[in-house]
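Here is the structure we will look at, set down as structure tokens.
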Protein chains: 2
Amino acid sequence: MQDLLQQVQVQVNEKIYLKNPESSDLGRRIVAGSIELMDRVGFEDFTFKKLGLQINSPEASIYRYFESKHKLLLYLSSWYWGWMEYQLVFGLANVSSANDRLVRAISILTGTVSNDAGMSLIDKAKLHRIVISESTKSYLTKAVDDENKDGIFATYKKLVARVSDIILELNPNYRYPHMLISTMIEGALHQRYFAQHLPRLTDVVNGEDTVTDFYMDMILKTIQTEDVN
Amino acid sequence: MQDLLQQVQVQVNEKIYLKNPESSDLGRRIVAGSIELMDRVGFEDFTFKKLGLQINSPEASIYRYFESKHKLLLYLSSWYWGWMEYQLVFGLANVSSANDRLVRAISILTGTVSNDAGMSLIDKAKLHRIVISESTKSYLTKAVDDENKDGIFATYKKLVARVSDIILELNPNYRYPHMLISTMIEGALHQRYFAQHLPRLTDVVNGEDTVTDFYMDMILKTIQTEDVN
DNA sequence: CATAAATGATAGTAATACTATTATATTTGT
DNA sequence: ACAAATATAATAGTATTACTATCATTTATG
């Protein structure tokens, strides 16, 4: 049920794909296969030819769904943020205290991702790893301004805006809510990468979720009003 | 003089290049030309063929200095962080107060970069833009672990360690100094990118350096000891 | 069941990311 | 000043990548 709702919830901007991959069996194999392959070989070595081999379909058929691997990466990132927004809306529903909502939002956005029972076609743990390692490459390109005009990054911006609003509820005078939240979201991804590959850039303690702990502490301290009476 | 000192100061790990580009006229043209070209076309569309045209030397000659454009990007990033470390050492020299040293370090690491008068072969403003837009691509690859073993990222790690130490001087109980500083350094680069291309992820105010202001405020609040007596 | 639409199979192209070879400069040691 | 070593230029070539095109075959739809 949860899964069905997720499928319904996660909407990806139509300009990202040529043909909606959720609309056919081949499309779904492309998405599932690309997650497996990109997690395994990385974006640079990922090719539509290899993906074709992986899913037993010709390279040319994949091009009917996505113009390029860049667009496919945009699709995966966008899907991830759409799913995250859904998690957020669900996780904050009926929580009246703004403080509680912020704490929950930070947990959701900086925490680890594990696969739900319901055998979805999308492996969330692998997708999270892809987002960690590859998603910045989706917007650090010369095409960013054109794609932004097309609304490709709208989901991500909405997510940032949503959490920024909670911060403003708690402290209407805080001047940098968007910077704080985008710093946190990007930072949490980076810190998880560093923990795996460049641990001296972090303070990871085995068995503890120091990433969430760090950002929780940082944000709550940062938005405190100057004079608490 | 400043420039001469910079040339002497900035050392790049030898494993990054096949032949030190500082050792010849062609090498220097490769570095200067690559900064111009990469800033203009971006890492994805940057090729050694185009660079060859730009500097009027054959593509094959460039390969005698750098194995690949990935290594060249590593060189530029590494050079930048080496230069930053130099700026830091210089900027913090003879400043006894740990608090002042931290404030200066945050300014240096999150601030804008402009070209010095001394007509260096390296255009720092362009290099800063390259670091903003492309440097994450230098470590978000499958080669990161091998390259890390070779010490390719040592300069960057040293920089983070250096500022972390200042934080520990101010608050020996703060648990996440490395996370805080790496979040700040990467975050400041990202925020400058967002300000240009995805402004709704920031709170940029025209004419003000909100990036430095934001991180200054965030860090000083975050490392405050819980109970100030 | 006829028609349209999607997919498969195959081929082809321009560009990329290199490597190799040889000729011509340029530097270096004596 | 000159031979030897070294660096660069000029050119060619290869495997792979990132596509596009064509046509046959399968699968869905009215």
Side-chain angles (χ1 to χ4, degrees), chain A residues 14-34 37-38 40-76 121 134 137-138 140-143 146-147, chain B residues 14-34 37-38 40-76 121 134 137-138 140-143 146-147:
Chain A
E14 293 186 353
K15 301 218 171 163
I16 292 179
Y17 48 75
L18 298 170
K19 184 175 173 176
N20 192 340
E22 287 185 39
S23 71
S24 72
D25 178 65
L26 176 60
R28 286 183 292 268
R29 275 160 48 223
I30 289 171
V31 172
S34 70
L37 181 61
M38 203 179 291
R40 186 152 46 84
V41 305
F43 184 69
E44 284 71 27
D45 291 343
F46 177 95
T47 68
F48 279 1
K49 184 146 206 200
K50 288 178 191 166
L51 178 56
L53 285 172
Q54 165 123 351
I55 64 173
N56 252 293
S57 276
E59 191 189 5
S61 295
I62 301 166
Y63 279 100
R64 294 208 190 86
Y65 286 83
F66 294 102
E67 272 177 22
S68 61
K69 68 173 177 173
H70 170 245
K71 287 287 176 77
L72 177 47
L73 177 61
L74 279 175
Y75 182 87
L76 296 180
L121 109 126
E134 321 293 354
K137 299 169 193 167
S138 72
L140 292 175
T141 73
K142 292 287 175 186
D146 287 337
E147 288 170 351
Chain B
E14 293 185 352
K15 301 219 169 162
I16 292 179
Y17 48 75
L18 298 169
K19 184 174 174 177
N20 191 339
E22 287 184 39
S23 70
S24 73
D25 178 64
L26 176 59
R28 286 183 291 269
R29 275 160 48 224
I30 289 171
V31 172
S34 69
L37 181 60
M38 202 178 292
R40 185 152 47 82
V41 305
F43 185 69
E44 284 71 27
D45 291 343
F46 176 96
T47 69
F48 279 1
K49 184 145 207 198
K50 288 178 191 165
L51 178 56
L53 286 172
Q54 163 121 353
I55 65 175
N56 252 294
S57 277
E59 191 189 6
S61 295
I62 300 166
Y63 280 99
R64 294 208 195 85
Y65 287 82
F66 294 101
E67 274 175 21
S68 60
K69 69 172 176 173
H70 170 244
K71 287 289 176 77
L72 178 48
L73 177 60
L74 279 175
Y75 182 87
L76 297 180
L121 108 127
E134 321 292 354
K137 298 169 193 167
S138 73
L140 293 176
T141 72
K142 291 288 175 184
D146 287 339
E147 287 169 353

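Because the structure is a prediction, the values reported are computed rather than measured. Letters go in sequence order (proteins before strands), and every chain restarts at 1.
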Could you state the [atom1]-[atom2] distance from [X] to [N], rounded to the nearest angstrom?
| X | N | atom1 | atom2 | result |
| --- | --- | --- | --- | --- |
| Asp45(A) | dC18(C) | CG | P | 11 Å |
| Lys49(B) | dA9(D) | NZ | C1' | 15 Å |
| Leu26(A) | dT26(D) | CG | C1' | 13 Å |
| Glu44(A) | dC18(C) | CD | P | 12 Å |
| Ile62(B) | dA7(D) | CD1 | C1' | 15 Å |
| Leu18(A) | dC19(D) | CG | P | 11 Å |
| Arg28(A) | dT7(C) | CZ | C1' | 15 Å |
| Phe43(A) | dT17(D) | CZ | P | 14 Å |

For this session: Hey, which sits more toward the 5' end of DNA chain D by its nearest nucleotide, Asp25(B) or Ala60(B)?
Result: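 Result: Asp25(B).
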Side-chain N or O of [X] less than 4.0 angstrom from OP1 or OP2 on [N]?
| X | N | value |
| --- | --- | --- |
| Ser57(B) | dA9(D) | yes |
| Ser24(B) | dT8(D) | yes |
| Lys19(B) | dA7(D) | yes |
| Ser61(A) | dT7(C) | no |
| Tyr65(B) | dA7(D) | no |

For this session: Just compare dC18(C), dA17(C), dT17(D) and give me whichever is closest to any side-chain atom of Ser68(B).
Result: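 Nearest to the side chain of Ser68(B) among the choices is dC18(C).
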Exercise. Considering only dC18(C), dG8(C), dA9(D), which nucleotide approaches the side chain of Tyr63(B) most closely?
Worked result: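 Comparing dC18(C), dG8(C), dA9(D) against the side chain of Tyr63(B), the answer is dC18(C).
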Exercise. Can you find a heavy atom in the side chain of Leu26(B) that is under 4.5 Å from one in the side chain of Ile62(B)?
Worked result: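 In short, these two side chains do not touch, never coming nearer than 4.5 Å.
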Problem set entry | Close side-chain approach of Phe46(B) to Leu72(B), heavy-atom, < 4.5 Å |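 The answer is yes; the side chains approach within 4.5 Å.
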Exercise. Got a second to check how far Glu22(B)'s CD is from Leu121(B)'s CG, nearest 0.5 Å?
Worked result: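 Between Glu22(B) CD and Leu121(B) CG, I get 7.5 Å after rounding to 0.5 Å.
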For this session: Please round to the nearest 0.5 Å and tell me the distance separating atom CG of Asp45(A) and atom NZ of Lys50(A).
Result: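 Answer rounded to 0.5 Å: 4.5 Å.
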Exercise. Does Lys69(B) count as lying over the ring of Phe48(B), i.e. NZ or CZ under 6.0 Å from the six-ring centre, within 45 degrees of the axis?
Worked result: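 No, Lys69(B) does not sit over the ring of Phe48(B).
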For this session: Scan Lys69(A) against the nucleic acid and name what it touches under 4.0 Å (heavy atoms): base, sugar-phosphate only, or nothing.
Result: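 Touches sugar-phosphate only.
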Problem set entry | Short side-chain to backbone donor-acceptor contact, Lys71(A) and Leu18(A), under 3.5 Å |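 A pair under 3.5 Å: no.
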Exercise. Is it true that the side chains of Ser24(A) and Tyr65(A) contain a donor and an acceptor less than 3.5 Å apart?
Worked result: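 Yes, because at least one side-chain N or O of Ser24(A) sits under 3.5 Å from a partner of the opposite role on Tyr65(A).
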Exercise. Given that Arg64(A) and Glu59(A) both sit by DNA chain C, which one's nearest nucleotide is further toward the 5' end?
Worked result: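 Nearest nucleotide further toward 5': that of Arg64(A).
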Problem set entry | Lys137(B) and Glu44(A) ion-paired at < 4.0 Å |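 Salt bridge flag = no for Glu44(A) with Lys137(B).
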For this session: Can you pull out how bent the helix from dC1(C)-dG30(D) to dT30(C)-dA1(D) is, comparing the axes over its first five and last five pairs, to 10°?
Result: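 For the helix from dC1(C)-dG30(D) to dT30(C)-dA1(D), the axes at opposite ends meet at about 30°.
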Exercise. Do Glu67(A) side-chain and dC19(D) base share a donor-acceptor contact under 3.5 Å?
Worked result: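 Side chain to base: no pair present.
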